[in-house]
S.K.: 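Pasting a structure below so you can have a look.
In what follows, every chain begins at residue 1, and chains take the letters A, B, ... in the order their sequences are listed. This is a predicted model, so every value here is computed, not measured.
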Protein chains: 2
Amino acid sequence: MKQIELHLKNKSVKPTAMRLLVLQFFTEQTKAVSLKNLEIALAPADKSTLFRTLRTFEKNKIIHSIEDGTGIAKYALCLESCNCELGDLHYHFHCTQCENTFCLTTLNVPLIELPTNFKMNQANMVIKGLCSNCNI
Amino acid sequence: MKQIELHLKNKSVKPTAMRLLVLQFFTEQTKAVSLKNLEIALAPADKSTLFRTLRTFEKNKIIHSIEDGTGIAKYALCLESCNCELGDLHYHFHCTQCENTFCLTTLNVPLIELPTNFKMNQANMVIKGLCSNCNI
DNA sequence: TTAACCAGTGCAACCCAACTGCAAAGTTTA
DNA sequence: TAAACTTTGCAGTTGGGTTGCACTGGTTAA
């Protein structure tokens, strides 16, 4: 059984043909993926199927979503060890020139001291600027 | 001349009746404001006028925008001293229960060590969880 | 004073990402 | 095999954001 198929099963997601294709695509990317990206890459696959696949993947912690400020949701693979909990959070980078968005998986979000009685459960941290390709 | 009118002039924005109303509204809020909030609060003011007022205010650094992950842009007053530069950045908090979004103006975004050759110009940092009102 | 100008406003419409309802196809269970 | 459930494809809706255009009211130029 293939790696990708196992990955889905480990996350309790039934490995259908469509899902295998989508997960395969994710593993080939170095940058975060939008629904549009998927639609184009996997044409003529149906938009709503892809949408629901993303939702399923997110719910089952195969991918996480990133709001990079463009108004278009992006998604990236979770790390193997990820439970999408506080300790797993990392910063993201959005390049304002090439408009790509990356996970900075080595940059973990630190513990942040919040005002009294506030409770942190999640975070969406996006740094904006120029990526190494565009910063010439 | 009133405080609010001065505020606009200081930021090189002509103080029209509409703009005074919008800025007045902002000063009365403790949480971030969406276009919808404005439409309701200042009814029957026109949506596109409000939209363009927000754009003007943002361009002139009277307010800053926050992407809190709800897909709806929110805005909040800049601090007096703010130039919307790196040193002025602060964290934001989005309560997943009451769905309000706040500036944590006392929590400045620290310098973050990025991968080689990446350049940070801006950031959108949103912590999610329960605010002090909802965390019972 | 009148005419030309221009920023700001209001209305109507458009765009598009996100999302939903429903029926067909595929898969699992009894 | 039949029934029950899941996934998929299609078509359509929703809603925030945005734009085009005409009108207004205040300012400038002749």
Side-chain angles (χ1 to χ4, degrees), chain A residues 1 4-5 8-9 11-25 32-60 62-76 94 99-101 124 126, chain B residues 1 4-5 8-9 11-25 32-60 62-76 94 99-101 124 126:
Chain A
M1 191 182 301
I4 298 203
E5 198 171 339
L8 286 178
K9 290 197 174 170
K11 301 286 187 173
S12 318
V13 174
K14 243 184 270 182
T16 67
M18 203 69 229
R19 289 168 176 174
L20 289 168
L21 279 176
V22 172
L23 184 51
Q24 175 69 46
F25 181 74
V33 169
S34 68
L35 179 54
K36 193 68 176 225
N37 293 154
L38 273 179
E39 270 185 79
I40 292 168
L42 302 185
D46 183 68
K47 187 171 64 153
S48 59
T49 301
L50 294 172
F51 171 73
R52 286 183 278 226
T53 301
L54 288 173
R55 198 158 57 181
T56 302
F57 281 12
E58 189 179 9
K59 197 174 61 182
N60 289 276
I62 295 171
I63 60 177
H64 59 278
S65 72
I66 308 158
E67 304 275 338
D68 62 10
T70 59
I72 299 169
K74 306 269 169 66
Y75 300 86
H94 175 72
E99 304 204 311
N100 287 321
T101 299
N124 183 64
V126 180
Chain B
M1 192 183 299
I4 298 204
E5 198 172 338
L8 287 178
K9 290 197 172 170
K11 301 285 189 173
S12 318
V13 173
K14 238 185 273 181
T16 66
M18 204 68 228
R19 289 169 177 175
L20 289 168
L21 279 176
V22 172
L23 184 51
Q24 175 70 46
F25 181 74
V33 169
S34 68
L35 179 53
K36 192 69 173 225
N37 293 153
L38 273 179
E39 272 185 78
I40 293 168
L42 303 185
D46 184 68
K47 183 171 71 151
S48 59
T49 301
L50 294 171
F51 169 74
R52 286 183 277 227
T53 300
L54 289 173
R55 199 158 57 183
T56 302
F57 281 13
E58 189 179 9
K59 199 173 62 183
N60 289 275
I62 296 171
I63 60 177
H64 59 278
S65 73
I66 308 158
E67 304 274 336
D68 62 10
T70 59
I72 299 170
K74 306 268 170 65
Y75 301 85
H94 175 71
E99 305 204 312
N100 288 321
T101 299
N124 183 64
V126 180

S.K.: Is there a donor-acceptor contact under 3.5 Å from the side chain of B/N124 to the main chain of B/E67?
M.R.: yes
S.K.: Assess, by modelled atom type and distance only, whether the side chains of A/T56 and A/R52 contain a donor and an acceptor separated by less than 3.5 Å.
M.R.: no
S.K.: Under 4.0 Å between any heavy atoms, over every strand shown, what does B/S48 touch: base, sugar-phosphate, or nothing? Just pick one.
M.R.: base
S.K.: Mind checking if A/T49 touches a base, just sugar-phosphate, or nothing, with heavy atoms under 4.0 Å?
M.R.: base
S.K.: Distance check needed: C/dA12 C1' versus B/F51 CZ, whole Å only.
M.R.: 16 Å
S.K.: Under 3.5 Å, is there a donor-acceptor pair between the side chain of A/D46 and the main chain of A/S48?
M.R.: yes
S.K.: Look at the side chain of B/K36 and decide which nucleotide, out of C/dA17, D/dG16, C/dC19, has an atom nearest to it.
M.R.: D/dG16
S.K.: Kindly say if B/T16 contacts the phosphate of C/dT9, meaning a side-chain N or O under 4.0 Å from OP1 or OP2.
M.R.: yes
S.K.: Quick check for you: among D/dC10, C/dT20, D/dG20, whose closest atom lies nearest to any side-chain atom of A/D46?
M.R.: D/dC10
S.K.: Side chain of A/R19 only, please: which of C/dT20, D/dG17, D/dT7 is the nearest?
M.R.: D/dT7
S.K.: Less than 3.5 Å between a donor and an acceptor, one on the side chain of B/K47 and one on the base of C/dG10, is that the case here?
M.R.: no
S.K.: Have a look at A/R52 and say if it touches a base, only the backbone sugar-phosphate, or nothing, with a 4.0 Å heavy-atom cut-off.
M.R.: base
S.K.: Is there a side-chain contact between A/E99 and A/T70, using heavy atoms and a 4.5 Å cut-off?
M.R.: no
S.K.: For B/A73, answer base if it contacts any base atom (sugar-phosphate contacts may also be present), sugar-phosphate if it contacts only those atoms, and nothing otherwise; contact means non-hydrogen atoms under 4.0 Å.
M.R.: sugar-phosphate
